[in-house]
2 protein chains.
Amino acid sequence: MAEKRYRIGEFSKLVGLSTYTLRYYEDQGLIIAQRDGNGVRYYTEDDIRWVGFILHLKGTGLRLNDLKRYVRLRAEGDSTIAERRDMLQKTKDDAEADIAELQMHLKVLSRKIDWYDGKVAHTIADSESFHDYLQQFNDK
Amino acid sequence: MAEKRYRIGEFSKLVGLSTYTLRYYEDQGLIIAQRDGNGVRYYTEDDIRWVGFILHLKGTGLRLNDLKRYVRLRAEGDSTIAERRDMLQKTKDDAEADIAELQMHLKVLSRKIDWYDGKVAHTIADSESFHDYLQQFNDK
DNA sequence: TCTTGACTTAAAGTGCACTCGAAGGTGTTT
DNA sequence: AAACACCTTCGAGTGCACTTTAAGTCAAGA
């Protein structure tokens, strides 16, 4: 029972990347398809998982260049495991810092929304500025 | 006691935007500086607060175009408060969705790091693939 | 046979948000 | 007098990650 083979068009829909992007990624060395006797690309279940994984990496903010480095390291074998691990750890730390910052911005945004609501409901004086309103949260 | 006035160079350092960017934002209608008798821009404490706020908005992922729309609405006065509130709410919802997605990607990333650690410590069989390793978390 | 979908290389285009430089001008400070 | 910080317009450059086009070839299926 041979594994199912997907040609680029089908695979494209499966993973949510355009055929352009798949070929572009192949140029970049990120997703290397196998070829049939006619030189036509085909992808397997393994490739689905691999694309899934690199999309997770991209989703955490990893740039193509770093992704390329990761892939190169992977190709070098087990001797690069520590380096790859550290790379992922740094990516993770960066992403967590991004989230923290985003949440900080969101907090102000939320307060502005509350402030608008207060204005509309007249529970905040017409004259009170958002800046003054914000002050009351400063110690929290 | 007149309020302190900042010229663009000083203000730039204060808010962390280059003078190029400040002029660019002014072209875009986002931060309008006042001018002295010679046509030289100056900024006040109010402008510091305003820039702070728009950086919060940008920080949550609001695009320049939307930011411009927000500023236009603001200039129209209180009649646009509901629309502005809704805009911020949508921005907030979007940002929260982004965070949720980011966290989902991070979870996989974390597991990959754990998997690397397991490989190094030999608590995971050399032969076990990450995909198989991941399966055990599928019901959580 | 014709359409469909694949293949190639190389180059150009897109969108966003800046970022910079040229060229020429004013006003303040050393 | 020179240096410095500011002013203007406007067009070009940057970085990233695609996205599209052009122009031509090839093979399987209806």
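Order of the sequence lines fixes the chain letters, A, B, ..., with proteins taken first and strands second; residue numbering starts at 1 for each chain.
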Phosphate OP1/OP2 of dA6(C) contacted by R41(A) side-chain N/O (<4.0 Å): no

Taking only N and O in the side chain of R23(B), is any of them less than 4.0 Å away from OP1 or OP2 of dC10(D)? no

To the nearest 0.5 Å, what is the distance between CG (L64(A)) and CG (D66(A))?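 The CG atom of L64(A) sits 9.5 Å away from the CG atom of D66(A).
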
Which value, rounded to the nearest 0.5 Å, describes the distance between I54(A) atom CD1 and D47(A) atom CG?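 One finds 10.0 Å between CD1 of I54(A) and CG of D47(A).
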
Can you see whether D94(B) engages T91(B) through a side-chain donor-acceptor pair at a distance of less than 3.5 angstrom? no

What I want to check is whether the side chains of Y6(A) and E45(A) have a donor and an acceptor closer together than 3.5 Å. yes

How would you summarise protein contacts on nucleotides 22-30 of chain C per nucleotide, using B for base, S for sugar-phosphate only and - for none, with heavy-atom distances below 4.0 Å? -----S---

Any chance you could list the contact pattern along nucleotides 16-23 of chain D? Use B for base contacts, S for sugar-phosphate-only contacts and - for none, protein heavy atoms under 4.0 Å, 5' to 3'. SSBSBB--

Calculate the interatomic distance between [X] atom [atom1] and [N] atom [atom2]; express it in whole Å.
X	N	atom1	atom2	result
Y42(A)	dC7(C)	OH	C1'	16 Å
L22(A)	dT8(C)	CG	P	13 Å
K13(A)	dA6(C)	NZ	C1'	13 Å
E26(B)	dA17(C)	CD	P	19 Å
L67(B)	dA17(C)	CG	C1'	12 Å
Y43(B)	dA5(D)	OH	P	16 Å

Would R85(A) count as a cation-pi partner of W115(B), with NZ or CZ less than 6.0 Å from the six-membered ring centre and within 45° of the ring normal?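 No, R85(A) does not lie over the aromatic ring of W115(B).
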
Tell me whether the guanidinium CZ or amine NZ of K68(A) lies under 6.0 angstrom from the six-membered ring centre of Y70(A) and within 45° of its axis.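 No.
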
Looking only at non-hydrogen atoms, find the nearest pair between R5(A) and E10(A) and report the distance.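 Scanning both residues completely, I find the closest heavy atoms to be O-OE1, 4.4 Å.
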
Mind checking whether Y42(A) and F11(A) have ring centres under 6.0 Å apart? no

Using the ring of each side chain (for Trp, its six-membered ring), is Y133(A) parallel, tilted or perpendicular to F137(A), with breaks at 30° and 60°? perpendicular

What residues in residues 27-34 of chain A put a non-hydrogen atom under 4.0 Å from any atom of DNA chain D? none

Let's go through F130(B) and F53(A) carefully: what are the C-alpha distance in whole Å and the side-chain angles of both, what is the deciding distance for ring pair (Phe, Tyr, Trp, His ring centres under 6.0 Å) to 0.1 Å, and is it a yes or a no? CA-CA 10 Å; F130(B) 177 59; F53(A) 181 61; 5.8 Å; yes

Could R69(A) and E83(A) be called an ion pair, given the rule that one side-chain N must be under 4.0 Å from one carboxylate O?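 Here R69(A) pairs with E83(A) in a salt bridge, since their nearest N and O are under 4.0 Å apart.
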
